[in-house]
Amino acid sequence: MSRRNKIPVTIITGFLGAGKTTFINFLLKSNPDTQFALVENEFGAVPIDTKLIKGIDASQMFELKQGCICCTISDEYELVLKELAERFPNVDHLLIETTGIADPAPVIQPFFADEELKELYEYNGAICLVDALNFDDLPEEEMAYKQLTIADLILLNKTENLDEKQQEALAAKMNQLAPLAKIQSTSYGEAKELDLSELKQHSFNAYSFLSYKSNHALVQTKTLSFSAPLKRDDFLNWLEYTLDIYKSKIYRCKGVVCFQNEPFEYILQGVGGRFELGEGDLIMETRESHIVFIGKLDGLELDFNH
């Protein structure tokens with residue numbers, strides 16, 4: 001299996017809540033003439049992020065369902081990559097979004113170690129998003145550092161709430177952690193100065209990743225699903241209380257929520273004990289709600305009785 005032109009592949013990484021999906025939507029919107037394919041990996045039983053991606057043909061969005069991608073690198077991952085290249089010969093660029101707790105090194109390695117993939121793809125580089133508001137309080141610091149050290153470009157996201165001095169201090173810290181990476185400040189995932197064709201700063205080969213190990217076995221997910229619309233005030237009061245008392249345990253929450261007497265679904269995003277709701281699509285069929293919690297959840301009461 002081979003192609004006349006290799007497909008560039010870019011890894012999108014960053015800790016939970018850094019804004020990876022928002023950034024991908026910006027990337028798709030700002031490059032309308034580029035035909036992207038996306039490999040999406042979610043850490044949870046119900047796919048939420050795939051519902052949030054806009055501007056890409058659903059048939060060209062591949063979902064890995066065996067768990068966190070860096071822990072389950074297997075034949076499925078490599079077969080998906082080969083199938084994608086075969087089914088979509090006109091794809092211009094492949095994006096791979098890892099989970100927020102993934103070590104990106106094992107995700108990158110097959111592009112250098114597998115002979116078939118080397119014929120099909122050209123590794124283009126890795127972009128790591130950093131939550132500028134919460135980086136100093138990350139619960140899984142080691143994993144966040146691994147994501148940074150592999151990055152060719154670091155996007156300091158959510159900088160709209162930091163002053164210039166705070167931004168400079170954070171950029172200096174990134175320079176220490178990842179001296180080879182370029183650094184760019186962004187708000188709402190809008191990396192307006194990004195040029196994907198001039199991304200790569202690292203030089204890798206098949207042996208660059210042999211020492212990488214992933215260890216986040218203690219990180220778990222719990223999904224709450226509801227077949228009937230929720231009472232808005234009751235649910236939001238419960239969620240605010242729950243995220244506050246468990247803010248050191250719940251790293252991330254996200255979901256799609258339907259409320260009583262409301263025609264739109266709502267997109268839930270939460271990190272660092274805070275959350276926000278954004279209006280989603282008009283509800284056309286089922287009024288189901290799905291909320292995913294990610295963190296160290298043993299012993300936590302995460303049941304909402306509606």
By salt bridge (charged side-chain N to carboxylate O under 4.0 Å, His left out) - contacts of [X] (at least two apart):
{"X": "Glu262", "value": "Arg232"}
{"X": "Lys182", "value": "none"}
{"X": "Lys249", "value": "none"}

Identify, with sequence neighbours excluded, every residue that meets side chain to side chain contact (heavy atoms under 4.5 Å, CB included) alongside [X].
{"X": "Asp114", "value": "Glu78, Lys82, Glu116, Leu117"}
{"X": "Asp244", "value": "Lys247"}
{"X": "Ser185", "value": "Leu156, Thr159, Gln167"}
{"X": "Tyr145", "value": "Phe135, Glu141, Leu148, Lys173, Leu177"}

Quick one: does [X]'s side chain get under 4.5 Å of [Y]'s, heavy atoms only?
{"X": "Cys253", "Y": "Phe293", "result": "yes"}
{"X": "Ile127", "Y": "Ile154", "result": "no"}
{"X": "Lys222", "Y": "Leu300", "result": "no"}
{"X": "Asn157", "Y": "Lys20", "result": "no"}
{"X": "Phe264", "Y": "Ile283", "result": "no"}
{"X": "His93", "Y": "Leu196", "result": "yes"}
{"X": "Phe23", "Y": "Ile12", "result": "yes"}

For [X], which residues count as a ring pair (Phe, Tyr, Trp, His ring centres under 6.0 Å) partner, sequence neighbours excluded?
{"X": "Phe26", "value": "none"}
{"X": "Phe275", "value": "none"}
{"X": "Phe111", "value": "Tyr121"}

Drop me the distance from Gln184's CD to Leu129's CG, to the nearest 0.5 angstrom.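 Nearest 0.5 Å value for the CD-CG distance: 10.0 Å.
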Working to the nearest 0.5 Å, report the span between CG of Leu27 and CD of Glu190.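 The CD atom of Glu190 is 12.0 Å from CG of Leu27, to the nearest 0.5 Å.
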Angle between ring planes, Trp238 versus Phe304, binned at 30° and 60°: parallel, tilted or perpendicular?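 Judged by the thresholds at 30° and 60°, the geometry between Trp238 and Phe304 is tilted.
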Taking all non-hydrogen atoms of both residues, which atom of [X] and which atom of [Y] are closest, and how far apart?
{"X": "Glu122", "Y": "Lys6", "answer": "OE1-CD, 3.7 Å"}
{"X": "Ile11", "Y": "Pro104", "answer": "CG2-CB, 4.4 Å"}
{"X": "Tyr77", "Y": "Pro110", "answer": "CE2-CG, 3.7 Å"}

Could you give all pairs that pass the ring pair (Phe, Tyr, Trp, His ring centres under 6.0 Å) test and reach residues 165-202, with sequence neighbours left out?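 Sorted pair list: His202-Phe204.
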Would you say the side-chain atoms of [X] and [Y] include a donor-acceptor pair closer than 3.5 Å?
{"X": "Ser225", "Y": "His290", "result": "yes"}
{"X": "Arg252", "Y": "Gln269", "result": "yes"}
{"X": "Asn124", "Y": "Thr10", "result": "yes"}

Count the heavy atoms belonging to other residues, nucleotides or ligands that lie under 6.0 Å from CD of Glu240, then report whether that count exceeds 12.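 No, not enclosed.
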May I have all residue pairs that pass salt bridge (charged side-chain N to carboxylate O under 4.0 Å, His left out) and include part of residues 148-168, sequence neighbours excluded?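 Listed by first then second residue: Asp131-Lys158.
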Let me check something: do Leu153 and Ile24 share a hydrophobic cluster, defined by ILVMFWY side-chain heavy atoms less than 4.5 Å apart, either directly or through other members?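 Looking at the clustering, Ile24 is in the same group as Leu153.
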Exam field: side chain Gln147 to backbone Gly100, donor-acceptor pair closer than 3.5 Å: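 Answer holds: yes.
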